[in-house]
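Residue numbers start from 1 in every chain, and the chains themselves are labelled A, B, ... in the order their sequence lines are given, proteins ahead of strands.
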2 protein chains.
Amino acid sequence: MNNSQLYKGSLSLIILKLLEENKRMYGYEMTQKVKEQTGGELVINEGALYPALHKLEADGLLTVAVEQVGNRPRKYYSLTEKGEAETINRLEELTEFVKHMQLLLNPKLSLG
Amino acid sequence: MNNSQLYKGSLSLIILKLLEENKRMYGYEMTQKVKEQTGGELVINEGALYPALHKLEADGLLTVAVEQVGNRPRKYYSLTEKGEAETINRLEELTEFVKHMQLLLNPKLSLG
DNA sequence: CAAATATACCTCAGAAATTGATATATCAAA
DNA sequence: TTTGATATATCAATTTCTGAGGTATATTTG
C-alpha cells in the first residue's frame, strides 16, 4: 500500500472482501487482483500482506489449504464462517466511518 | 478515535480540516466539535490528539498561540500556509483512496 | 540455452500511529 | 464539597506498515 500515512488498517478488510467475492485466493493473486482492479494505483506490499494473512488466520477468520502447483506449494485462503460474519461487520464499520468523515470533511464524500 | 483497526491515519486530516474551517481552535475544542458533528459517534482520544497536534506543529503545518483564559493557559492552533496547502493535498489523497476502495469493495462507496 | 523476469512464499528491523492509562489542575453546579 | 466538565499532557504497550532482504520455481526472450 503506497498511499502513505492515511488509510492504514484497511488492508485486512481488502483481503476479507476479496475472499468474499472469490472464495479461494492465494497471496500473490491478491496483490495482482488489487493492482488490476485499481489500474495499478493501489499496490499491496507483500511485507504487509503475509503478516496480515497470518493474523487473520490466527484470528480464525481464514483457513488455508496448501496445494501443489507444478513443483511449488501454493496457499489458498478462504473465509471461515466467522470470517464471513466479520467481513459484513467491517464493511458496515467502513460505511459508518465514511459517513462520519463526510460529516467532518463535507464536500466530496457520499454514500452510493 | 474509537473506531478500531481501520481508519488509522485520518486523525491529522480531521485536525487540518477543522482548522481550515474554524481558523483557530484548541485541542479540547476539537474533540468536542468532532463529537458534536458526528452525533457522538466519532470520539477523538486525547492520547492520540495531542501527539498528532505536536507532530503537525513540528512539521510546520500548524502554529500555536497560548492564551490565558481565566486562570489557565489555552493553546490555540491555526494552519500555516504550508498547512493550508497540505490540507488540500490530503483531501485529494483521501478522495483518491475512497475511489480505490470503491473499486475494491464496490457496493456502498461513491464520490459526491 | 542462458539470463531476465515473473511467480510465490516468507521474515525482520525500524518507523509511525493509536489505545488506554495516568497525571495535573481549574471551574461550575448540585 | 465533591462530582463532572474543561483543558493540557505524557507514557508503555500494541498494532500496522514500509522497505529491505531472502529462497526457490517457472516462464519468457534474446
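A donor-acceptor pair is defined here as one N or O able to donate and one able to accept, closer than 3.5 Å; such a pair exists between the side chain of Gln68(B) and the backbone of Asn71(B). Checked by atom type and distance alone, the side chain of Asn45(A) pairs as donor or acceptor with a backbone atom of Gly47(A) at under 3.5 Å. Remark: the backbone N or O of Tyr28(B) is not paired with any side-chain donor or acceptor of Lys33(B) at under 3.5 angstrom. When atom types are taken as modelled, the side chain of Thr80(B) and the backbone of Leu61(B) share a donor-acceptor pair closer than 3.5 angstrom.
Separating the NZ atom of Lys33(B) from the P atom of dA7(D) is a distance of 14 Å, rounded to the nearest angstrom. To the nearest angstrom, P of dT7(C) lies 19 Å from CD of Gln68(A). Between the P atom of dT15(D) and the CG atom of Asn45(B) lies a distance of 16 Å, rounded to the nearest Å. The CE atom of Met30(B) sits 13 Å away from the C1' atom of dA7(D) (whole-angstrom rounding). As rounded to whole Å, 15 Å separates atom P of dC9(C) from atom CG of Asn71(A). Tyr76(B) has its OH atom 11 Å from the C1' atom of dA7(D), to the nearest Å. Computed from coordinates, the Glu67(B) CD to dT8(D) C1' distance equals 16 Å when rounded to whole Å. Atom pair Tyr50(A):OH and dG21(D):P shows a separation of 19 Å (rounding to whole Å applied).
Base engagement by Gly47(B) is indicated by at least one non-hydrogen atom pair under 4.0 Å involving a base atom. Among the atoms of the strands shown, only primed sugar atoms or phosphate atoms (P, OP1, OP2) are found under 4.0 Å from some heavy atom of Tyr77(B).
If you check residues 19-29 of chain A against DNA chain C, the residues with a heavy atom closer than 4.0 Å are Tyr26(A), Gly27(A), Tyr28(A), listed by number.
Comparing dA7(D), dG20(C), dC17(D) against the side chain of Leu11(A) picks out dC17(D) as the nearest. Across dT7(C), dT16(D), dT26(C), the shortest atom-to-atom separation from the side chain of Arg72(A) is found for dT7(C). Distances were taken from every side-chain heavy atom of Lys75(B) (C-beta onward) to each of dA9(D), dA17(C), dC10(C); the shortest belongs to dA9(D). Candidate nucleotides dC17(D), dA9(D), dC10(C) were compared by shortest atom distance to the side chain of Glu46(A), and dC10(C) ranks first.
The shortest distance between side-chain heavy atoms of Met25(B) and Leu19(B) falls below 4.5 Å.
Both Ile14(A) and Val64(A) are members of a single hydrophobic cluster when ILVMFWY side chains are connected at heavy-atom separations under 4.5 Å.
Between the side chain of Arg74(A) and the base of dT7(C) there is no donor-acceptor pair of N/O atoms closer than 3.5 Å.
Between Pro51(A) and Val69(A), the one whose closest nucleotide on DNA chain C sits nearer the 5' end is Val69(A).
Dashed line: the shortest gap from a side-chain N or O of His54(B) to OP1 or OP2 of dT8(D) is not under 4.0 Å.
Among residues at least two apart or in separate chains, there is no ring-ring contact (aromatic ring centres under 6.0 Å, His included) pair with a member in residues 36-70 of chain A.
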